[in-house]
There are 2 protein chains.
Amino acid sequence: MSDESPPRGDKSSTKSRILAAAITLFADQGVAATGVRAIAAAADVHPSLIIHYFGSKDGLRVACDKHVAAFVREHKQQVMRAGRFDPAELRDLGDGPPLLRYLARTLADGSPHTAALVDEMVNDAVGYLADGVASGLVRPTDHPYERAALLAIWSLGTLALHEHVQRLLGVDLTALGGAATVESTYGRVASELLGSGIFRT
Amino acid sequence: MSDESPPRGDKSSTKSRILAAAITLFADQGVAATGVRAIAAAADVHPSLIIHYFGSKDGLRVACDKHVAAFVREHKQQVMRAGRFDPAELRDLGDGPPLLRYLARTLADGSPHTAALVDEMVNDAVGYLADGVASGLVRPTDHPYERAALLAIWSLGTLALHEHVQRLLGVDLTALGGAATVESTYGRVASELLGSGIFRT
DNA sequence: ACATTAATCGAACGTTCGTTTAGTGTCTGG
DNA sequence: CCAGACACTAAACGAACGTTCGATTAATGT
């Protein structure tokens, strides 16, 4: 009838299923340690189909990068604003693949798309912090860009080291929503540190 | 004579040469993406010699972990103390292999030895911060362990994301000594943030 | 009804992987 | 002087790698 034409299998979701499986496995084991056959098995398709759709394993990696970057850009207004420095405000949203774990992995591995994403977040944070300064909530600084960059690096660094954060502080930054994170001891200590610093006045 | 017995080649440094080559390549490309043959070529030995000395590729990885961990422990007093939160105070020391880049890589990849190392640094930071509180330099807190852990995570996170730090702030945390880093804009902004926080009082 | 196109599979390609086995030469201690 | 330990090489193994090449099947346009 007049509906779409998902020609085979369940839906035209096959490509999405491959992408989700790839993001999951890449996030869990790293890109280099994950084989095309393992991704194909997880997505329940034939390995050659991955090449057919994405050209190569690296093409698949780029597609994963873009998919995660698009997701982050969609939810960016929840992230990196002044006083809410926690990238874990992006929750998994039941989207299936662990997008934040993938992001954490690629933050340290260094892909071009991730670098562009970080740059955007820094520029956004510059704006948020400037708004905070204008409204009197945030201290002014001689180096607003550098301050925003460092705050972003600290936030994203905690995400990249989420395994250690979980072990040390018992908070899983890749699984919890923002509210639960901020209400934790982790959130309170972070607010205390960023609020008044460590040194006695 | 009474001197050592470096039986073949230059010294018994062959094992060390393999270790140095492995650390360099692991740091540059990641463990999974680096083959035994590439390491052997960089160390100018036969691939099977690596297995002979280290048992397996994973044995070599563990040896690299231990080597870097030992280096960090040796120079630990320069790191993570109150007010000097910068792990880049460990400099390469001309030791050859890029130990800090290797550490940054394994911080995110998660090896058991690295986790133990992080735990030690956190415990040290607890002590340093307690000393700071006792001497009146550092604010007291209700959660001293969590504060130390978070400071350590931020420090090590910036190291793990050193690529972004370099791009955004122009500071190479894996190459510079501590002094040059702290005197940079990066160091001044970090001191400002940790010193007095971001929020207006 | 038929040609076309896209989706998917099955099997194989050549390469590279980590590892094994066997062997060579050099030094050293009894 | 010679037996064995040691540093190291040479060649090959089987498995896994990413990728290619048809063949098969189902939807689509005419």
Side-chain angles (χ1 to χ4, degrees), chain A residues 1-65 105-106 109 111, chain B residues 1-67 105-106 109 111:
Chain A
M1 304 317 168
S2 60
D3 65 348
E4 255 69 89
S5 49
R8 185 70 172 290
D10 34 36
K11 284 268 169 70
S12 78
S13 71
T14 305
K15 214 171 162 178
S16 315
R17 225 170 53 243
I18 295 174
L19 212 57
I23 289 174
T24 302
L25 290 180
F26 285 165
D28 281 351
Q29 318 172 329
V31 176
T34 304
V36 182
R37 284 165 169 85
I39 299 168
D44 210 49
V45 294
H46 200 271
S48 58
L49 200 60
I50 294 180
I51 307 297
H52 177 245
Y53 276 138
F54 298 97
S56 66
K57 182 189 177 179
D58 198 70
L60 174 60
R61 210 213 68 233
V62 170
C64 291
D65 281 351
R105 185 70 79 162
T106 54
D109 277 9
S111 87
Chain B
M1 303 309 171
S2 60
D3 64 349
E4 255 70 88
S5 50
R8 183 71 170 289
D10 36 35
K11 285 266 169 72
S12 78
S13 71
T14 304
K15 213 171 165 180
S16 314
R17 226 170 54 244
I18 295 174
L19 212 57
I23 289 173
T24 303
L25 291 179
F26 285 164
D28 281 351
Q29 319 172 325
V31 176
T34 303
V36 183
R37 285 167 171 84
I39 299 169
D44 209 51
V45 294
H46 201 272
S48 55
L49 198 61
I50 294 180
I51 306 296
H52 176 244
Y53 276 138
F54 298 96
S56 68
K57 182 190 178 181
D58 198 69
L60 174 59
R61 210 214 67 233
V62 170
C64 291
D65 281 351
K66 285 184 179 172
H67 186 255
R105 184 71 79 162
T106 54
D109 277 10
S111 87

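So that the names make sense, note that chain A is the first sequence line, chain B the second, and so on, each numbered from 1.
- In this structure, the side chains of A:R61 and A:F26 come closer than 4.5 Å at one or more pairs of heavy atoms.
- Atom-to-atom, CD1 of B:I18 to P of C:dG18 comes out at 14 Å; the value is rounded to the nearest Å.
- A straight line from CD1 of B:I50 to P of C:dG18 spans 9 Å, rounded to a whole angstrom.
- The interatomic distance linking A:I51 (CD1) with D:dT19 (P) rounds to 4 Å, in whole Å.
- Remark on DNA chain C: of its neighbouring residues B:H52 and A:Y53, the 5'-side contact belongs to A:Y53, judged by nearest-heavy-atom nucleotide.
- Rounded to an integer number of Å, the gap from CZ of A:R37 to C1' of C:dG10 is 12 Å.
- Side chains of B:L19 and B:L60 form a contact here, defined as non-hydrogen atoms less than 4.5 Å apart.
- When the C1' atom of D:dC17 is taken as reference, atom CZ of A:R61 falls 17 Å away, rounded to whole Å.
- Distance NE2 (B:H46) to P (C:dC17): 14 Å, rounded to an integer number of Å.
- Rounding to whole angstrom units, CZ of residue B:F54 and C1' of C:dT20 are separated by 18 Å.
- Although no hydrogens or angles enter the test, the distance criterion places no donor-acceptor pair under 3.5 Å between the side chain of A:T106 and the main chain of A:D109.
- Between the side chain of A:K15 and the backbone N or O of A:F54, no donor-acceptor pair lies under 3.5 Å.
- Distances shorter than 4.0 Å separate some side-chain N or O of A:T14 from OP1 or OP2 on C:dT8.
- For A:S48, the side-chain atoms get nearest to C:dG10 when compared with the rest of D:dG18, C:dT8, C:dG10.
- At whole-Å resolution of the value, CG in B:D44 and C1' in D:dA7 are 15 Å apart.
- Within 4.0 Å of A:S56, counting heavy atoms only, lie sugar-phosphate atoms of the nucleic acid but no base atom.
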